Amino acid sequence: MSFPDAVQEAWHMVALSRDVKRGSVRKIALCNTPVALFRSEAGLGALIDRCPHRNYPLSEGRVREGALECPYHGWRFDPDGACQSVPGCLAETAQDTRLRAQSLRVWEGHGAIYATLSDAAPEQPPLPPDFGNPELDHFWWQQGTWRGRAFDAIENVMDPFHTNHLHDGFIRRRDKRLPVDLVVTSHGDGIDMTIKQTQPDMGLMSRFLERDRECSVSRYYTPATVQARWEGKDKLTLCVTAIFTPATDGTFTPFARFSTPKGIAPGWLKQAAIRLFLAPVVAQDRRALERQHEVMTYFGHPRFATGPGDILGDRLHRLWKGERLARGAEPPVKAEL
Ligand code: FES
Ligand SMILES: [Fe+2]
């Protein structure tokens with residue numbers, strides 16, 4: 001199994017800036033490709049985790065004089081992959097393309113590091129709305145690499161029906177459902193679902209965090225980003241951008257960016273509250289995605305029955321594979337959440 005070209009060739013977030021300090025190296029995986037991510041005084045570098053000399057993993061090396069040094073014979077590679085030096089040899093190596101390590105393009109901004117395996121990817125990663133909006137307080141949340149498939153995590157976030165059940169009491173409730181209107185809008189390269197409701201959710205988190213909610217919108221931005229926005233009477237109350245970077249076929253690295261309007265409460269307090277309320281919800285989703293993946297692995301492949309609540313049908317999967325949808329809003333679907 002491997003990833004669709006549209007996923008394989010895109011930009012993906014691979015780390016938080018704060019987790020790649022100067023002088024440090026991290027081993028990461030991106031779409032089944034091991035990568036050595038490092039930061040030196042010469043900048044940020046992402047090299048395929050294979051020394052071109054005798055194939056030692058570069059991620060086990062050290063950062064020396066602006067370069068990543070392979071532990072085996074000590075060849076040093078610049079962030080762009082050029083072989084800066086071969087110890088013991090006086091030859092000039094930096095211009096010798098045969099000695100280069102394979103490098104990935106990287107982009108850094110708003111506390112995030114992105115990388116792409118493809119030369120065909122655009123100049124910069126496309127970012128969702130408000131990602132760097134200075135009028136909002138932002139914070140990042142990262143919890144390592146999870147077992148499961150990135151695609152199933154995207155579907156999980158886009159699916160409101162599991163929230164009553166799996167997250168009973170936290171987001172919504174099993175036993176007290178509220179009438180809602182669900183409106184699906186296709187945007188060609190993305191899709192969103194708006195949940196319109198007149199009463200606030202019954203879960204703890206909703207009561208605390210989004211008292212004046214009128215509607216919430218979850219939108220999928222291909223290939224691996226979902227942004228959920230809660231809108232109050234006249235403005236945004238909370239925006240969560242979740243990014244699910246495919247690491248391998250059976251693992252992914254989730255990143256979440258929380259954005260809230262400045263001024264309601266100090267940033268650190270909002271951050272503490274959001275973390276406190278979301279920690280159990282995140283743990284429930286993590287476990288569900290792991291268990292789902294175990295079963296799919298056992299049976300060899302996913303076989304999904306699409307039920308009446310799966311109103312996005314197979315459209316998320318079609319977008320994931322790089323297909324485009326006809327644009328337009330659909331009539332509201334009445335449901336209880
Ligand atoms: S294997 Fe890396 S320097 Fe020889
Ligand atoms: Fe969930």
Side-chain angles (χ1 to χ4, degrees), residues 1-14 29-32 112 114 125-129 131 140-163 166-167 171 182 184-195 216-229 239-258 278 281-293 295-297 301-304 306-307 309-325:
M1 205 162 72
S2 62
F3 295 100
D5 291 348
V7 175
Q8 184 84 27
E9 293 173 1
W11 282 99
H12 291 281
M13 183 169 169
V14 292
L30 176 59
C31 297
N32 294 319
Y114 279 74
L127 302 175
F131 201 74
W140 281 109
W141 199 10
Q142 213 283 315
Q143 303 198 341
T145 293
W146 295 14
R147 277 191 290 138
R149 299 192 311 174
F151 175 75
D152 296 315
I154 291 164
E155 192 178 51
N156 166 290
V157 179
M158 288 295 292
D159 158 39
F161 285 91
H162 84 284
T163 56
L166 186 70
H167 307 305
I171 299 184
L182 304 176
V184 173
T185 308
S186 295
H187 301 278
D189 60 352
I191 194 163
D192 71 38
M193 185 194 287
T194 303
I195 304 175
S216 64
V217 187
S218 299
R219 178 161 170 173
Y220 173 40
Y221 294 88
T222 52
T225 301
V226 176
Q227 190 178 70
R229 303 170 67 91
C239 171
V240 183
T241 307
I243 299 167
F244 301 101
T245 299
T248 64
D249 288 330
T251 59
F252 64 95
T253 310
F255 299 93
R257 183 166 173 83
F258 293 82
L278 271 187
V281 174
V282 168
Q284 287 163 338
D285 278 328
R286 182 172 189 162
R287 184 173 155 76
L289 289 162
E290 254 176 41
R291 304 296 284 143
Q292 176 188 19
H293 186 251
V295 172
M296 288 192 294
T297 306
H301 54 88
R303 268 203 330 242
F304 293 158
T306 296
D310 300 310
I311 60 174
L312 297 176
D314 67 349
R315 286 178 285 186
L316 293 175
H317 198 244
R318 282 164 48 205
L319 287 166
W320 167 258
K321 288 187 298 181
E323 284 180 38
R324 293 296 169 254
L325 305 174

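Note that the coordinates shown come from a computational prediction; the quantities given were computed from them, not determined experimentally.
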Hey, does [Y] have a side-chain heavy atom less than 4.5 Å from the side chain of [X]?
| X | Y | result |
| --- | --- | --- |
| Phe304 | Asp152 | yes |
| Glu323 | Asp314 | no |
| Arg229 | Ser216 | no |
| Val14 | Thr253 | no |
| Tyr220 | Trp320 | yes |
| Arg149 | Phe3 | no |

Original post:
Residues two or more places apart in sequence or in another chain: which of them pass side chain to side chain contact (heavy atoms under 4.5 Å, CB included) with Thr297?
Top reply: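 With sequence neighbours excluded, Thr297 shows a side chain to side chain contact (heavy atoms under 4.5 Å, CB included) to His293, given in chain and number order.
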
Original post:
Considering residues at least two apart in sequence or located in another chain, which fulfil the side chain to side chain contact (heavy atoms under 4.5 Å, CB included) criterion with Thr194?
Top reply: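 Partners of Thr194 under the side chain to side chain contact (heavy atoms under 4.5 Å, CB included) test: Val183, Asp192, Lys196, Cys215, Val217.
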
**OP:** Apply side-chain contact (heavy atoms from CB on, under 4.5 Å) to Val240 and Trp141, showing your working.
**Re:** CA-CA 10 Å; Val240 183; Trp141 199 10; over 6 Å; no

**OP:** Let me know which of Trp140, Tyr221, Phe258 forms a ring pair (Phe, Tyr, Trp, His ring centres under 6.0 Å) with Phe131.
**Re:**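 So the option named by the test is Trp140.
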
Inter-residue atom distance [X].[atom1] - [Y].[atom2], 0.5 Å rounding:
| X | Y | atom1 | atom2 | result |
| --- | --- | --- | --- | --- |
| Arg286 | Asn156 | CZ | CG | 13.5 Å |
| His317 | Ile154 | NE2 | CD1 | 10.0 Å |
| Gln284 | Leu278 | CD | CG | 10.5 Å |
| Thr251 | Leu289 | OG1 | CG | 12.5 Å |
| Glu155 | Gln292 | CD | CD | 7.5 Å |
| Asn32 | Asp249 | CG | CG | 4.0 Å |

Subject >> Which residues share a ring pair (Phe, Tyr, Trp, His ring centres under 6.0 Å) with Phe255, sequence neighbours left out >> reply: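 Checked Phe255 against ring pair (Phe, Tyr, Trp, His ring centres under 6.0 Å); zero matches.
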
Subject >> For His167, ring pair (Phe, Tyr, Trp, His ring centres under 6.0 Å) partners two or more places apart >> reply: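 With sequence neighbours excluded, His167 shows a ring pair (Phe, Tyr, Trp, His ring centres under 6.0 Å) to His162, given in chain and number order.
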
Original post:
How far apart are the C-alpha atoms of Leu319 and Arg324, what are their side-chain angles, what is the distance that settles it, and do they pass the side-chain contact (heavy atoms from CB on, under 4.5 Å) test?
Top reply: CA-CA 6 Å; Leu319 287 166; Arg324 293 296 169 254; 4.2 Å; yes

With no hydrogens and no angle check, is any side-chain donor or acceptor of [X] less than 3.5 Å from a backbone partner on [Y]?
| X | Y | result |
| --- | --- | --- |
| His12 | Val7 | yes |
| Gln142 | Gly144 | yes |
| Asp159 | Asp310 | no |
| Gln227 | Ala242 | no |
| Ser218 | Met193 | no |

Subject >> Close aromatic pair by centroid cut-off 6.0 Å: Tyr114 and Trp11 >> reply: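 Ring centres of Trp11 and Tyr114 not closer than 6.0 Å.
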
[X] to [Y] - nearest heavy-atom pair and separation:
| X | Y | answer |
| --- | --- | --- |
| Gly313 | Thr306 | CA-CG2, 4.1 Å |
| Ile191 | Ser186 | CD1-OG, 3.8 Å |
| Ala6 | Ala10 | O-CB, 3.5 Å |

**OP:** Assess whether atom CZ of Arg287 is packed by more than 12 heavy atoms of other residues, nucleotides or ligands within 6.0 Å.
**Re:**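 It does not: Arg287 CZ has 12 such atoms or fewer within range.
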
Original post:
Can you list the residues that meet the salt bridge (Lys or Arg N to Asp or Glu O under 4.0 Å) rule with Arg291, with sequence neighbours excluded?
Top reply: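 Salt bridge (Lys or Arg N to Asp or Glu O under 4.0 Å) check on Arg291 returns Glu294.
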
Original post:
Who passes salt bridge (Lys or Arg N to Asp or Glu O under 4.0 Å) against Arg315, sequence neighbours left out?
Top reply: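 Arg315: salt bridge (Lys or Arg N to Asp or Glu O under 4.0 Å) contacts with Glu330.
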
